[in-house]
Structure formats: structure tokens, C-alpha cells
Amino acid sequence: MKALPVPSGHETGTVTIYDVAARAGVGIATVSRALNGSAPVAEATRARVLAAVEELGFRPSHAGTSLAARTHAANGIVFPDLSGPYYAEVLLGYEETASQLGRSVLVLATHGRPDPASAVRELAGRVDGMVLLGRTVSDEVIAGLAGLPVVVLARPELGDVDSVRTDGLTSARALGEHLAGHGLRRIVLLGSPDESPDVAERFLGIREGLGAHDIEPTETPCLFDEASGTRVAATLLEGRRRPDALVCANDEIALGAIVAAEEAGLRVGHDIAITGWDDVMAARHARPALTTVRQPMRALGSLAAEVLDERITATRTTPRHELLATDLVVRDSCGLHH
């Protein structure tokens, strides 16, 4: 599902700050500044905004013109960790859109914190809204943030809480079908689905794709970094019945697994197939280039910022659930069809 456009107030009879911004040809942050005088605005720009307000009959509310009674002018985003290109890309997309909306961003990583829930609650008191990525805190903690606009990112829908995630199931099934077409039978899934709802979904899809060909993969826990991929893959490749394929939960694990295979004297794409997930830049430049599933990482972050801002400004009061498409990208690391 593609990102939906910002809803127009004319469809419901209610004119919003977004409508005014569109008519005046400016951003909503500029409309807010022009109406509440919170920062300098060029006189010509202010005139366009006021003209749009008059033409549309916009009645500014404190929530709309001050961006929901902004007391902090900041949004929060919470990650399980900050290492790795996936988190970096999501953060870049989020920060870019939040900045366009006139907001600063406070970032929290829960990895290594003895009490992530308390850290999230403390951040909640310093921001106007919050995005939570993955399984950073429990559903109960999120429910306890009632009254604060919240968006869950890369996590299943949670009641009336806004959500933004990718469709991993469809591409995962396609990946499983593709690997089955190579004649591969001994397939190991590398990752820790208990740590990530996204990974649990993609492993389910891969099993379904392989299961259609009576192939049952095994699963080996692995942390989501390159060093862990190398270490875990090396152990698997030492076995008497080494796998035909290592299907990795992300590209970092896969890139580490390629190193392990090379160190074991195996030719990736010939003696063993290795696949990843995300399509980070290194995946395209690896040798052999990595078969993977491309996620719209920056779009995830950008859309989360947009969805959160709609809640903060009260532009929208009903839940919004967005599902972005992913794409299977076939390269050389899974070899040629038999």
C-alpha cells in the first residue's frame, strides 16, 4: 500500500491547516508562524497565508496554528539500537520530514538500558509526540502513554495507535519460492524473530514459500550485526551436513555470512547460496552482489513523521495504518537456477 496523500478538509467540510498551506504554497510550519507570530515570516508570505485563510474560511484553533499547543517543538523517536544502516536510513527519513514540519527530533535507543520502559516514559514528558520502532517496549507501556500522540513503526497494528510498516510477507514468500527454484533443500534461517516483529513475519513468509515445495527450513538464532553473522555462519559451515543456503534476517548478517563462507573456501552463489534483507548500499557492492529484499527505509521514517504530525496537529483524529511494499532483488549470491 502506498502512502496516502494528506486528507483534504474539503472532503469532510472541515478546512485544515494543510489546506491553507496548499492554497498559500507554503508548509504548515509557515502557516503556523504566520498566524501566531512565533517567528519572523516575510510580509508577502504572511499576506498569502492570510488570503488563503480568508478564501477557505479557515478557523484557526490553538491546536492547529501552534502545531497542537506545542510546548516542546520536538518529536521523539525510539529505536531498539542505533548501530547499522537500517536504523540510520529510517532516522534520516524521519528527521528530514520532521524538520520540514518545523520540529526538532529527540532520539532514544533502548539497547543496553536497564529499564527501557522508564526511559521511554521520561522521553514522553519532553516531546509532543513519539514514534516507537519495533519491539522497544511492551504493548502495556504504549497503552500507558495515553494522551500522547504515538506511532508504532515496523510493528504490528496496536488498537487505535497509528502504525507504519512494510509488507514483508509477500516478498518473503517470493524469496522462498525463488530459492526452491534453485533446487536448494537444506536451508537455514539466520536471525532472532523473537526480537523483531518484522523478522518474525519475514521468516513466516519464507517458510510458506518453501513449504509450497515441501521444503522445511531450520532456524538458528543470530544477532542482527555483521560480526554475529560471520560467527554463526562459520559454526554452521563446519558441520558435516552444511546448509545449501543461509537465508539471513538482514543484509548485515548476510554480509558477515559471506565472509565466513569465503574463509571456509566456499564460493558464494556456487557452493552455497546466501540472501539478506533491506538492500543497504553494501549489498549492491558486495562480491558476489547480494540477493535481498528491498525495504523503503527512508520512506518508513518520513511517513512516520508525517503520520505523527497529523495527530499532534489534530488534523486527523482517526487511526491511520500504512503498509509499504517491499521488492525481491535477485543478484548473484543465490546462484543460477539448476
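Computed from a predicted model, the values in this text were never measured in an experiment.
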Using a strict cut-off of less than 4.0 Å between a Lys/Arg side-chain nitrogen and an Asp/Glu carboxylate oxygen, indicate whether [X] and [Y] qualify as a salt bridge.
X	Y	value
Glu262	Arg267	no
Arg103	Asp128	yes
Arg320	Glu306	yes
Glu54	Arg23	no
Glu177	Arg173	no
Arg135	Glu195	no
Arg165	Glu322	no

CG/Asp115: more than 12 non-hydrogen atoms of other groups inside 6.0 Å: yes
Check against side-chain contact (heavy atoms from CB on, under 4.5 Å), Leu91 and Ile77: CA-CA 8 Å; Leu91 181 56; Ile77 185 166; 4.1 Å; yes
Joint cluster assignment, Leu175 & Leu204, ILVMFWY side-chain distance < 4.5 Å: no
Pair Ser83-Asp81, side-chain donor/acceptor within less than 3.5 Å: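 Side-chain D/A pair, Ser83 to Asp81: present.
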Pair Ser228, Arg231: side-chain N/O donor-acceptor within cut-off below 3.5 Å: yes
pair Val293-Asp279: side-chain heavy atoms closer than 4.5 Å: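 No, side chains not in contact.
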Verdict with reasoning, Val78 to Val131, per side-chain contact (heavy atoms from CB on, under 4.5 Å): CA-CA 6 Å; Val78 182; Val131 171; over 6 Å; no
CA sep, side-chain torsions, deciding dist, call: Asp198, Ser196, side-chain contact (heavy atoms from CB on, under 4.5 Å): CA-CA 5 Å; Asp198 267 7; Ser196 167; 3.6 Å; yes
Check against salt bridge (charged side-chain N to carboxylate O under 4.0 Å, His left out), Asp162 and Arg311: CA-CA 9 Å; Asp162 293 329; Arg311 279 288 198 177; 2.9 Å; yes
